[in-house]
Amino acid sequence: MSDEVVDSNPYSRLMALQRMGIVHDYERIRSMTVAVVGMGGVGSVAAEMLTRCGLGRLLMYDYDKVELANMNRLFFRPEQAGMTKTDAAAQTLAGINPDVALESFTSNITTLEGFDAFKASLCDSEGAPRVDLVLSCVDNYEARMTINQVCLELGQAWMESGVSEDAVSGHIQVIIPGVTACFACVPPLVVASGIDERTLKREGVCAASLPTTMGIVAGLLVQNALKHLLCFGQVTRYLGYSSLKDFFPTMDIRPNPGCANTLCGRRQTEAAAREASPEARAAAAAAAAAAEAAAAAEAEAPVHDDNSWGIEVVADQAEPSGSGGESNIGARARGKPGAPPEGLQYSMPAGVTAEELRAQAVEDSESNIEDLMSQLDALNKP
Amino acid sequence: MAEWDSGTKETVKRIPFLTVRCGPRDKEDWAKRLKEELTALIKYIQLNKASDSDWFTITANKEGTHWSGKCWYVHELLRHEFAFEFDIPATYPATAPEIRIPELDGKTAKMYRGGAICLTVHFKPLWTKNSPHFGVAHAMCLGLAPWLAAEVPHLVETGAIAAKA
Ligand SMILES: [Zn+2]
């Protein structure tokens, strides 16, 4: 990757990040592999951003075809209607930047076979992960839970993204197995739209979409991915976006020790053991010292060298996270202990109580599966 | 369960809850779960027959991973019948099965590509919250039945379907 500043060098503006001291070693991106799962309104734009950034290898997943109904979003073109999204994306992206190695996977990851194929595609011949990051740009809970399970099994970091069905809000979330909440740890948090949900007309449509919201979420997602991959800035664990109120809540979501996914519990134990190791403690202490030194240096520096406008920008005061006690959420946004921060809500109703379960659990049947299947078949006759 | 009618709410209360938290990737425990699925379904169909509101037939492959059958809905005294099918997803029962009615693909907006029915915004959150206690019978009762009740009249009105003789 040349850092020569000439009009013919496609990477000169990116390598300038290094010269400016924002990124320590930008060229590392050439050795990195990212999987983008779901090539819809968010994933396709994220893939284009990564391609233009000079990513080493990009794995793309989608089983759908390009439709004219997708044309309100960015990236795909009308003449690509009918092509698989992965083929159409590969065609466009190879044209934009031939340096990126592209791999396309055109299957549904939520089925039994699809799950195994997806997991295998993320691994090298020894079964170890060959990707640096997985970006979830899918539009349904089943696919997110599939990515969650595969990444828990592989110990693979991933980032989740979502746009609400009413197209006016979205979020991104970093998931590191054992270190942060997994996708099954807490009910999905959605950004409250700021308007009464019941007044929204939902009849007759499954979902609305806007190129703006999707483009913004793709930008937030890839920005966070770049920070994570190239180790610069602060990688936000959860960032919400409400377009109606221009509200961006952020927070950390700690893993839930009672997570329904038992593998998540195991990863939490492993992460705690890693954190307690002498090497990790030394590294954490060094990092804290470095952060303190950086903060001190910043405090000494003038707010702005040439502040002729009289404007002062003051950083938000970061509150200590996790003072809530029972809550898994250490919010930087305001909120009651145990409750999600203002502007965020759980998207879950109440479930079966222990009492209901005792009263009404299925009785253990004496019959075996074959007997039960023939009983079922008998019921099928009128 | 704000979104379901009182009949549905009464019925779903009588379907047994399942207890085995296991999907088809774990062959051994899946056999236990499958027994629960079949027992709950048999109970649900018996309830329907007893109240003269039988509305579907269903059968599974021997592994219990692919299910198919016929469902029907009576609208203005005419019976509309459709073939449906679904697969048990890899992350089941954390996630619900996606029920497809391929013959209606493209005929209604309340359907995803490939003929998967578009469920109410309330169904999937309720399923997740009740996992692993909801099973195939609950998906039929809270998912497919209300969908037919909402969509069949609309499909008839728009002329997208006509009753089969
Ligand atoms: Zn978890």
Side-chain angles (χ1 to χ4, degrees), chain A residues 63-65 67 108-116 118 140-146 148-150 165 184 187-188 197-198 202-207 260-262 346-352 356-357 359-365 367-373 375-382, chain B residues 1-2 13-19 21 23-25 31 34-43 45-46 49 54 57-60 62 64-65 69-70 87-91 94-96 98 108-114 118 120-122 124-126 128-135 150 154:
Chain A
Y63 66 97
D64 233 341
K65 291 198 168 112
E67 286 177 73
N108 181 352
I109 63 168
T110 64
T111 63
L112 268 178
E113 306 76 42
F115 183 100
D116 292 334
F118 174 48
N140 65 87
Y141 182 73
E142 291 72 21
R144 289 185 175 93
M145 288 293 274
T146 300
N148 189 57
Q149 182 63 30
V150 166
E165 295 210 325
E197 296 267 327
R198 285 164 300 184
R202 292 188 192 271
E203 256 136 72
V205 288
C206 286
N261 190 312
T262 48
Y346 291 119
S347 59
M348 289 290 155
V352 177
E356 283 170 327
L357 189 58
Q360 217 195 319
V362 71
E363 280 158 38
D364 195 18
S365 172
S367 326
N368 62 27
I369 289 173
E370 271 166 42
D371 294 341
L372 290 167
M373 284 207 177
Q375 279 179 46
L376 189 63
D377 280 338
L379 285 170
N380 284 337
K381 298 192 180 77
Chain B
M1 287 195 284
K13 278 190 202 154
R14 297 169 68 192
I15 304 174
F17 289 127
L18 288 73
T19 62
R21 191 188 294 276
R25 291 180 70 221
L34 186 53
K35 265 180 73 172
E36 292 194 333
E37 293 282 0
L38 291 162
T39 309
L41 253 178
I42 288 166
K43 176 79 189 294
I45 296 171
Q46 284 167 342
K49 285 189 189 280
D54 206 15
T57 64
I58 191 165
T59 180
K62 121 174 153 304
T65 52
K70 294 243 185 302
D87 294 290
I88 300 293
T91 48
T95 60
E98 235 177 82
T108 157
K110 297 283 265 180
M111 191 166 251
Y112 297 106
R113 264 185 83 81
C118 178
T120 74
V121 290
H122 303 276
K124 284 183 181 179
L126 190 71
T128 308
K129 194 68 193 174
N130 286 290
S131 172
H133 307 307
F134 277 10
H154 179 71

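Proteins get letters first, then strands, A, B, ... in listed order; numbering begins at 1 in each.
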Bottom line for A/T146: the part with an atom under 4.5 Å from chain B's heavy atoms is both
Between A/K381 and B/K49, the two heavy atoms sitting closest are O-NZ, 3.8 Å
Tightest non-hydrogen contact, residues A/A361 and B/T19, listed as CB-CG2, 3.9 Å
Bottom line for A/A378: the part with an atom under 4.5 Å from chain B's heavy atoms is neither
Here the gap from B/T95 atom OG1 to A/R144 atom CZ, rounded to the nearest 0.5 Å, amounts to 13.0 Å
Just so I know, are the side chains of A/D377 and B/T59 near enough to count as touching, which here means a heavy-atom distance under 4.5 Å? yes
Bottom line for B/I58: the part with an atom under 4.5 Å from chain A's heavy atoms is both
Taking every heavy atom of A/M145 against every heavy atom of B/T91, the minimum-distance pair comes out as O-CG2, 3.5 Å
Looking only at A/I369, A/I109, A/N108, A/T110, the option with the highest number of non-hydrogen pairs under 4.5 Å against chain B is A/I369
Counting heavy-atom pairs under 4.5 Å with chain A, the top scorer among B/L18, B/I45, B/T108 is B/I45
Looking only at B/K43, B/K35, B/R14, B/E98, the option with the highest number of non-hydrogen pairs under 4.5 Å against chain A is B/K35
Okay, B/A150 and chain A: the region with an atom under 4.5 Å from a heavy atom over there is neither
Turns out that what part of A/Q360 lies under 4.5 Å from chain B's heavy atoms comes down to both
Among B/H154, B/R25, B/K62, B/R21, the residue with the most heavy-atom pairs under 4.5 Å to chain A is B/R25
Okay, A/S367 and chain B: the region with an atom under 4.5 Å from a heavy atom over there is backbone
For B/A94 and A/Y141, the nearest pair of non-hydrogen atoms, with its separation, is O-CE2, 3.8 Å
Okay, A/E67 and chain B: the region with an atom under 4.5 Å from a heavy atom over there is side chain
_Working for side chain to side chain contact (heavy atoms under 4.5 Å, CB included), residues A/L376 and B/E37_ = CA-CA 11 Å; A/L376 189 63; B/E37 293 282 0; over 6 Å; no
If one checks every heavy atom of B/T65 against chain A at 4.5 Å, the contacting part turns out to be side chain
Between the CG atom in B/D87 and the OG1 atom in A/T111, the distance rounded to the nearest 0.5 Å is 7.5 Å
Closest heavy-atom pair, A/V362 versus B/P16, reported as atoms and distance to 0.1 Å, is CA-CB, 3.7 Å
Shortest non-hydrogen pair, A/E363 vs B/T39, comes out as O-CG2, 4.1 Å
When the 4.5 angstrom heavy-atom criterion is applied to A/D116 and chain B, the contacting part is side chain
